[in-house]
There are 2 protein chains.
Amino acid sequence: MTRNEEEPVGPDALDRVTWALRRAELAVQAAKEQRLRALGMAVSHYALLITVHSQPGLAGAELARRLNVTPQAVASLVARLEGRGQVERREHPRHRHIQELHLTEAGREALRAADAVVAEVEQQIKDALGAAPAEQLRALLDEVCEAVRED
Amino acid sequence: MTRNEEEPVGPDALDRVTWALRRAELAVQAAKEQRLRALGMAVSHYALLITVHSQPGLAGAELARRLNVTPQAVASLVARLEGRGQVERREHPRHRHIQELHLTEAGREALRAADAVVAEVEQQIKDALGAAPAEQLRALLDEVCEAVRED
DNA sequence: TGTCTAATGTCAAACGTTTGATACTGACGT
DNA sequence: ACGTCAGTATCAAACGTTTGACATTAGACA
């Protein structure tokens with residue numbers, strides 16, 4: 001037989017779980033983006049708003065870790081959202097040059113509107129899969145996170 | 001009761017399926033990127049190589065659709081990979097200024113090495129979940145794609 | 001045959017993010 | 001009390017991608 005120390009790349013390499021994961025994520029992200037565009041909001045803006053909403057008073061650097069982006073990217077987003085009056089930067093009580101991030105009333109209003117349309121996508125998925133499989137999907141996805149985190 | 005025409009954004013909004021999907025995709029993508037960096041290859045390069053490998057002779061615009069990016073992004077990637085001698089652009093037999101994309105032998109070699117480490121991530125997931133749940137996950141993800149595509 | 005349309009490829013500019021480097025602040029230890 | 005260190009914020013530059021626009025080409029239809 002011929003030398004095959006290097007096994008060839010199979011034609012079914014695109015049918016992997018990780019590719020299905022990527023396709024699904026792209027499709028969901030596109031669906032969110034499409035719905036949010038009508039409200040003049042980007043997905044990254046929505047992600048920032050809902051994260052600050054669920055945990056008010058976060059520092060920019062800490063927020064960057066949660067969003068999986070760099071602190072500079074957060075600063076850029078905050079600057080824009082602050083210009084729209086949806087986010088405000090308060091001075092940290094103990095550390096002076098650290099700034100706590102909070103939502104303004106306008107920010108909460110914008111988030112409510114955005115979350116309504118994003119929740120539609122979530123509901124769309126649950127309707128198609130059923131409640132139990134959807135929950136199972138969520139559990140499997142969390143397991144995937146765990147599996148690839150520690151190596 | 002108070003006015004609640006606008007329902008508040010629940011604190012459990014981050015526990016949705018779509019967020020678990022995003023977290024898992026980011027984690028998997030990060031794992032791939034980390035392993036591919038050692039080979040001096042970006043995830044986008046790997047994605048292009050394996051797509052061209054599975055379907056040789058694709059045009060740039062068609063390839064862009066499969067990768068969910070713009071034709072310019074593909075042109076940029078192809079230019080770089082062509083500079084490395086991993087991809088070549090042949091003239092389409094019928095259409096003159098359309099260029100078929102093919103892998104060179106060096107490209108196939110690089111793809112083999114890259115695919116080996118990417119397959120490790122896939123195996124890592126299958127080991128953690130088990131074969132049957134992994135396949136079920138893949139099926140559920142495909143259902144998610146279908147669910148959000150048509151609206 | 002001539003024109004129209006759809007599709008491809010490429011150029012230039014704008015955008016958002018990352019990378020690298022710097023300044024500042026508060027806590028901790030010897 | 002003082003120096004060291006970790007964490008935060010900000011600036012400048014580079015990178016990769018998208019957006020918009022344009023030239024080219026082949027097939028379709030009259």
Side-chain angles (χ1 to χ4, degrees), chain A residues 22 25-26 29-30 32-34 36-38 40-49 51-52 55-84 86-102, chain B residues 22 25-26 29-30 32-34 36-38 40-49 51-52 55-84 86-102:
Chain A
R22 175 157 181 76
E25 161 67 5
L26 282 172
Q29 208 72 2
K32 286 185 179 180
E33 186 178 341
Q34 179 185 343
L36 285 176
R37 193 192 326 255
M41 187 181 293
V43 180
S44 54
H45 298 162
Y46 166 75
L48 190 149
L49 287 181
T51 304
V52 172
Q55 289 156 3
L58 245 51
E62 180 61 28
L63 182 55
R65 278 179 230 113
R66 316 255 172 146
L67 296 176
N68 282 288
V69 294
T70 59
Q72 291 81 353
V74 167
S76 174
L77 290 173
V78 167
R80 174 161 308 194
L81 293 176
E82 194 181 21
R84 295 185 189 172
Q86 298 176 343
V87 164
E88 63 178 358
R89 304 193 284 182
R90 301 181 194 160
E91 185 181 75
H92 191 100
R94 304 182 66 92
H95 304 256
R96 192 172 323 171
H97 80 313
I98 294 182
Q99 44 211 357
E100 292 184 336
L101 294 173
H102 293 271
Chain B
R22 176 158 180 76
E25 161 66 6
L26 283 173
Q29 207 72 3
K32 286 185 178 179
E33 186 177 341
Q34 178 185 344
L36 286 176
R37 194 192 323 259
M41 187 181 293
V43 181
S44 54
H45 298 162
Y46 165 75
L48 190 149
L49 287 180
T51 304
V52 172
Q55 289 158 3
L58 243 52
E62 181 60 29
L63 182 55
R65 280 179 228 114
R66 314 253 174 148
L67 296 175
N68 281 288
V69 295
T70 59
Q72 292 82 352
V74 168
S76 173
L77 291 172
V78 167
R80 173 160 308 193
L81 294 175
E82 194 180 21
R84 296 184 188 172
Q86 297 176 344
V87 163
E88 63 179 358
R89 303 192 283 183
R90 302 181 195 160
E91 187 183 74
H92 191 101
R94 305 184 66 92
H95 304 256
R96 190 173 324 170
H97 80 313
I98 293 182
Q99 42 211 357
E100 292 185 337
L101 294 172
H102 293 271

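Naming convention: chains lettered A, B, ... in sequence-line order (proteins, then strands); numbering from 1 in each chain. Keep in mind that what you see is a predicted model, and the values were worked out from it rather than measured.
Atom CG of N68(A) is separated from atom P of dT17(C) by 13 Å (rounded to the nearest Å). Atom CZ of R90(A) is separated from atom C1' of dA9(D) by 19 Å (rounded to the nearest Å). Between L58(B) atom CG and dA7(C) atom P there is a gap of 16 Å when expressed in whole angstrom units. Look at CZ on R96(A): it is 19 Å from P on dA23(C), rounded to the nearest Å. Atoms CG (L26(B)) and P (dT17(C)) sit 14 Å apart, rounded to a whole Å. One atom, CG of L67(A), and another, P of dG16(C), lie 16 Å apart when rounded to the nearest Å. The NE2 atom of H92(A) sits 10 Å away from the P atom of dA9(D) (whole-angstrom rounding). Separating the CG atom of L63(B) from the P atom of dA7(C) is a distance of 17 Å, rounded to the nearest angstrom.
Here CG of L63(B) is found 6.0 Å from OG1 of T51(B). Values are rounded to the nearest 0.5 Å. In this structure, the separation between CD on E91(A) and NE2 on H97(A) is 11.0 Å, given to the nearest 0.5 Å.
A close approach under 4.0 Å does occur between a side-chain nitrogen or oxygen of R89(B) and OP1 or OP2 of dT10(C). Phosphate contact (OP1/OP2 of dT10(D), side-chain N/O of Q99(A), threshold under 4.0 Å): present. OP1 or OP2 of dT18(C) has at least one side-chain nitrogen or oxygen of T70(A) nearer than 4.0 Å. Within the structure, every side-chain polar atom (N or O) of R94(B) is placed at least 4.0 Å from both OP1 and OP2 of dT25(D). At the phosphate of dT17(C), neither OP1 nor OP2 sits under 4.0 Å from any side-chain N or O atom of R80(A).
For I98(A), counting side-chain heavy atoms from C-beta on, the closest listed nucleotide (dG26(C), dT8(D), dT17(D)) is dT8(D). Among the nucleotides dA9(D), dA7(C), dT25(D), the one closest to any side-chain atom of A61(A) is dA9(D). Looking at the side chain of A59(B), the nearest of the listed nucleotides dT17(C), dG26(C), dG9(C) is dG9(C).
Under 3.5 Å, the side chain of H97(B) and the base of dT24(D) form at least one donor-acceptor pair of N or O atoms. Judged by distance alone, with hydrogens and angles left aside, Q72(B) brings a side-chain donor or acceptor within reach of the base of dG20(D), the pair sitting under 3.5 Å.
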Can you list the steps and then say if Q29(B) with E33(B) is a side chain to side chain contact (heavy atoms under 4.5 Å, CB included)?
CA-CA 6 Å; Q29(B) 207 72 3; E33(B) 186 177 341; 5.5 Å; no
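Map R65(B) and L77(A) each onto its nearest nucleotide of DNA chain C; the residue landing nearer the 5' end is R65(B). Of the two residues contacting DNA chain D, namely E33(A) and A75(A), the nearest-nucleotide position lying further toward the 5' end is that of A75(A).
At most 12 non-hydrogen atoms from other residues, nucleotides or ligands lie less than 6.0 angstrom from CZ of R96(A).
Looking at every heavy atom in both residues, A59(B) comes nearest to I98(B) through CB-CG2, 4.0 Å.
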